[in-house]
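What follows is a short report on a single structure.
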Amino acid sequence: MTTLITNIQELLQIRDASIRKVSGSEMAVLPSIKNAYLLIENDLIADFGLMENCPKINADETIHATGKVVLPAWCDSHTHIVYAGNRIQEFVDRINGLSYEEIANRGGGILNSAKKLNETSEEELYNQSKARLEEVMKQGTGAVEIKSGYGLTVDGEIKMLRVIKKLAQNYPIAIKATFLGAHAFPVEYKENHSGYIDLIINEMLPKIAQENLADYIDAFCETGYFSVEETERIMEAGKKYGLRSKIHVNQFNAINGIAACVKHNALSVDHLEVVTDEDIEVLKNTETMPVALPSCSYFISIPYTPARRMLNAGLPLALATDFNPGTTPSGNMNFVVATACIKMKMTPEEAINAATINGAYAMGLEKTHGSITLGKKANIIISKEVTSFYQLPYCFGTDLIDSVIIEGKKMV
């Protein structure tokens, strides 16, 4: 199956295969070709270049993209797409003045989702989750990380991870699974933190490894949740099963969690709404990708990740949705990119880099996803007719996607 896209107004994110991520001032550069073509063979990018050099090919399908922008599909490296029900009442509670912490203390938050999930069958959980996955694919997401963390029991966490595995088997999108048993302490372990961590390490992890259910391990490193020391125990345990860390950190407080994550060679540190100068220094020249989740800040009215400070210091940055029932009930990466421009003062070039190549890096997919590169997966967004790609974040409430191609096949 060959697909030829011709007369592309601008083909964005042209990269050599050696580029794994971009940092600092490099993020302001988005390599592109104007008046371009793109050739897809089966599920891979086979060729691209200036339209004047387009080879004469009898493709199975030809798509004319006059006036349209083509770019790699979004790479969403932080989601909680697998969950049961919703937390609509908490949305209203926040409007009425309750804080995230107050809602959690009343039995809401993560524990609310855990109760619903443990009462929901695996089949029903799959059906609810696949609808969300299909939605984000149509919105241009071509690779996604999905976390567990709403089970908080052995059976509940395994159920979530099995659903994630089933989604990966049944859909053409690349899916990475992250074990987040350390999302919160169940009520029965509220005064026995070490007991719950022992459960994670001695019962959950061996079963997850036995069924090969996870690629990464995560913990919510935050005041009132998992301390830095407890998070380090989780990271160490994950290493023994070949699970690299991707850690929730610095959402509400800076407690030196980032330094611990870097020490343990975490692939990413996510949230970072509160970032100190020391945190920035410790992230410099490391393999750890900072990940911002601007639609979470938007939805629960907390500070935005200080992108400008971080980029000016030479750091890389990725963008992700944090799609979850409590604090970000949206997986729309188009909104994330626009919000990063509007609220975090990232340029469109920086935001697109953060949502493609750096997002791919943040889930270990930089060799196959995140850029227009020969041999990478043919995951493509074709815009509607636009004046320039700047219009994508500028018209933040308008659907400017004409079509989405994932692994060589057009989404319908």
Side-chain angles (χ1 to χ4, degrees), residues 3 5-13 30 32 36 38 40 61 63-79 81 86 91 129-144 171-174 292-299 318-325 328-344 346-356 359 369-370 372 377-412:
T3 301
I5 308 173
T6 63
N7 299 301
I8 301 165
Q9 180 191 129
E10 191 165 9
L11 181 61
L12 303 177
Q13 193 58 296
L30 188 64
S32 70
L38 176 68
I40 297 168
E61 182 180 10
I63 299 171
H64 301 289
T66 303
K68 299 176 181 180
V69 167
V70 173
L71 66 156
W74 308 124
C75 297
D76 187 353
S77 68
H78 183 127
T79 83
I81 282 175
N86 61 64
F91 169 63
S129 302
K130 76 174 185 178
R132 297 180 201 112
L133 183 64
E134 289 169 5
E135 178 186 43
V136 302
M137 290 169 72
K138 289 173 184 173
Q139 291 169 341
T141 294
V144 64
Y171 286 87
I173 186 172
L293 311 171
S295 47
C296 176
S297 297
Y298 173 87
F299 192 71
L319 291 169
T321 64
D322 194 24
F323 192 177
N324 76 80
T328 324
S330 168
N332 192 334
M333 281 291 287
N334 304 285
F335 179 75
V336 166
V337 168
T339 305
C341 295
I342 297 162
K343 294 295 186 181
M344 294 164 58
M346 295 179 73
T347 65
E349 291 88 347
E350 290 168 339
I352 291 171
N353 274 321
T356 55
H369 293 73
I372 303 298
K377 290 291 184 182
N379 288 6
I380 305 295
I381 295 170
I382 304 174
S383 79
K384 295 175 182 175
E385 289 192 27
V386 293
T387 56
S388 84
F389 70 88
Y390 287 173
Q391 196 169 335
L392 302 180
Y394 170 74
C395 294
F396 70 93
T398 303
D399 177 9
L400 289 175
I401 293 178
D402 180 75
S403 55
V404 177
I405 295 171
I406 295 182
E407 302 208 348
K409 294 179 182 176
K410 189 183 286 189
M411 294 288 299
V412 292

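For the single chain, residues carry numbers from 1 onward in sequence order.
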With a cut-off of 6.0 Å (strictly less than), are more than 12 heavy atoms of other residues, nucleotides or ligands near [atom1] of [X]?
X: Lys384; atom1: NZ; answer: yes
X: Phe91; atom1: CZ; answer: no
X: Tyr394; atom1: OH; answer: no

(message) Check the orientation of Phe335 and Tyr298. Use parallel for under 30°, tilted for 30 to 60°, and perpendicular for over 60°.
(response) perpendicular

What I'd like to find out is whether the side chain of [X] reaches to under 4.5 Å of the side chain of [Y], using heavy atoms alone.
X: Ser295; Y: Thr339; result: no
X: Ile5; Y: Ile382; result: yes
X: Pro329; Y: Asn86; result: no
X: Asn379; Y: His369; result: yes
X: Ile63; Y: Lys410; result: yes
X: Trp74; Y: Gln139; result: no

(request) Walk me through it: do Gln13 and Leu71 pass the test side-chain contact (heavy atoms from CB on, under 4.5 Å)? (result) CA-CA 6 Å; Gln13 193 58 296; Leu71 66 156; 5.5 Å; no

To check you understand the geometry: which heavy-atom pair defines the closest contact between [X] and [Y], and what is its length?
X: Ile372; Y: Leu12; value: CG1-O, 3.2 Å
X: Pro72; Y: Gly370; value: CG-O, 3.8 Å
X: Thr356; Y: Ala73; value: CG2-O, 4.1 Å
X: Thr66; Y: Glu385; value: O-CG, 3.7 Å
X: Ile81; Y: Leu133; value: CG2-N, 4.3 Å
X: Ala338; Y: Pro393; value: CB-O, 3.6 Å

(message) What verdict does the side-chain contact (heavy atoms from CB on, under 4.5 Å) test give for Val136 and Met333, after you've listed the backbone C-alpha separation in whole Å, the side-chain angles of each residue and the deciding distance to 0.1 Å?
(response) CA-CA 8 Å; Val136 302; Met333 281 291 287; over 6 Å; no

(request) Mind running side-chain contact (heavy atoms from CB on, under 4.5 Å) on Leu392 and Asn334 for me, showing each step along the way? (result) CA-CA 8 Å; Leu392 302 180; Asn334 304 285; over 6 Å; no

(request) Would you check, one step at a time, whether the test side-chain contact (heavy atoms from CB on, under 4.5 Å) holds for Glu349 with Phe389? (result) CA-CA 9 Å; Glu349 291 88 347; Phe389 70 88; 3.8 Å; yes

